[in-house]
Amino acid sequence: MKKSKVLKWIFLFSFIGLIWYYFYPEKELPIDSKIDAIIVHKSKRELLVYAQGKLLKTYTIALGGNPIGHKVFDGDKKTPEGVYYINDKNPNSGYHKNLGISYPNEKDIEEAKKIGKPVGGAVKIHGLRNKTGIISKIHRWFDWTLGCIALTDDEVDELYHAVPIGTKIEILP
């Protein structure tokens with residue numbers, strides 16, 4: 001078989017695989033779920049949601065552009081690690097909707113002071129930048145945020161309704 005024919009087949013199968021990945025429906029969060037705990041495994045790019053100790057769903061996420069290690073200062077593009085709480089909900093975010101994470105805590109503020117840098121803040125669980133939602137699941141292929149946790153717009157919609165303010169979120173390496 002000629003090289004050009006092989007390349008055409010590779011392109012065709014790659015294109016079909018991309019279409020399948022993009023349109024394949026994912027498991028939805030059960031209706032009327034009330035999430036009481038969130039665990040993020042940064043190294044696995046997973047966000048797990050629980051209700052009364054039962055795992056309800058696992059989401060695939062994108063992180064900050066420099067994801068290894070704990071966030072230390074504003075602009076380091078790291079996603080924090082530790083125990084925080086959902087402290088805000090914003091339906092009018094520049095990134096679809098978002099859920100605020102209570103970073104920084106007292107320890108985070110002290111660590112940033114030690115190195116003379118601003119601690120930063122505004123760490124969120126959010127969707128895609130407004131008017132880019134068509135990207136959908138493809139955003140997961142890259143760590144692209146400034147330190148936030150990114151999901152698809154549909155996934156953020158699910159969480160926005162199911163996660164009350166005060167929900168514990170534990171972010172692990």
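In this text the structure is predicted, and so the values were computed from the model without any measurement.
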Could you report the tightest heavy-atom contact between Glu28 and Glu158, atom names first, then the distance? CA-OE2, 3.4 Å
Do any N or O atoms from the side chain of Lys97 and from the backbone of Tyr160 form a donor-acceptor pair under 3.5 angstrom? no
Would you please name every residue forming a side chain to side chain contact (heavy atoms under 4.5 Å, CB included) with Asn105, sequence neighbours left out? Tyr84, Lys107, Asp108
How does the hydrophobic cluster around Ile115 look, that is, which other residues are in it when side-chain heavy atoms under 4.5 Å mark a link? Val72, Phe73
Does the side chain of Asp157 reach to within under 4.5 Å of the side chain of His96, using non-hydrogen atoms? yes
Got more than 12 heavy atoms from elsewhere within 6.0 Å of NZ, Lys137? yes
Just to verify, what does Tyr50 make a ring pair (Phe, Tyr, Trp, His ring centres under 6.0 Å) with, not counting sequence neighbours? none
Mind checking whether Leu63 and Leu128 sit in one hydrophobic cluster, side chains of I, L, V, M, F, W, Y counted as touching below 4.5 Å? no
Go through the structure and list residues passing side chain to side chain contact (heavy atoms under 4.5 Å, CB included) with Leu146, not counting sequence neighbours. Lys77
d(Ile38 CD1, Leu48 CG) to nearest 0.5 Å is 10.0 Å
Under the ring pair (Phe, Tyr, Trp, His ring centres under 6.0 Å) test, which residues partner His126, sequence neighbours left out? Tyr95, Trp144
Sidechain-backbone polar pair: Lys34 side chain, Gln52 backbone, donor-acceptor under 3.5 Å: no
List, by chain and number, the other hydrophobic cluster members for Val83, where Ile, Leu, Val, Met, Phe, Trp and Tyr join if side-chain heavy atoms come within less than 4.5 Å, directly or indirectly. Tyr85
Atom CZ of Arg45: over 12 foreign heavy atoms under 6.0 Å: yes
If Ile, Leu, Val, Met, Phe, Trp and Tyr residues are connected whenever their side-chain heavy atoms lie under 4.5 Å apart, and connections chain through other members, are Leu172 and Leu55 in the same group? yes
ILVMFWY network linking Ile39 to Ile149, side-chain heavy atoms under 4.5 angstrom: no
Give the cluster check for Ile171 versus Ile86: same hydrophobic cluster or not, with ILVMFWY residues linked at side-chain heavy-atom distances below 4.5 Å. yes
Does a salt bridge link Lys71 with Asp76, judged by any charged N lying under 4.0 Å from a carboxylate O? yes
Nearest 0.5 angstrom please: Asn66 CG to Thr145 OG1, how far? 10.5 Å
Would you call Lys78 and Glu111 a salt bridge, using N to O less than 4.0 angstrom? no
More than 12 heavy atoms of other residues, nucleotides or ligands under 6.0 Å from CD1 of Ile68: yes or no? no
So, the side chain of His70 versus the backbone of Glu81: is there a donor-acceptor pair under 3.5 Å, distance only? yes
Work out which heavy atom in Pro104 is nearest to a heavy atom in Gly121; give both atom names and the distance. CD-CA, 4.3 Å
Give a yes or no on this: more than 12 heavy atoms of other residues, nucleotides or ligands lie within 6.0 Å of atom CD of Glu170. yes
For the residue pair Thr167 and Asp36, what are the closest heavy atoms and their distance? CG2-C, 3.6 Å
Looking only at atom types and distance, does a side-chain atom of Thr79 sit under 3.5 Å from a main-chain N or O of Gly64, one as donor and one as acceptor? yes
Between Leu29 and Ala162 the two heavy atoms that sit nearest each other are CD2-CB, 3.7 Å
Flag yes if more than 12 heavy atoms outside Leu7 fall under 6.0 Å of its CG atom; otherwise flag no. yes
Closer than 3.5 angstrom, by distance alone: can the side chain of Thr132 be matched with the main-chain N or O of Arg129 as a donor-acceptor pair? yes
Shortest non-hydrogen contact between Leu159 and Ile125, atoms and distance: CD1-CG2, 4.4 Å
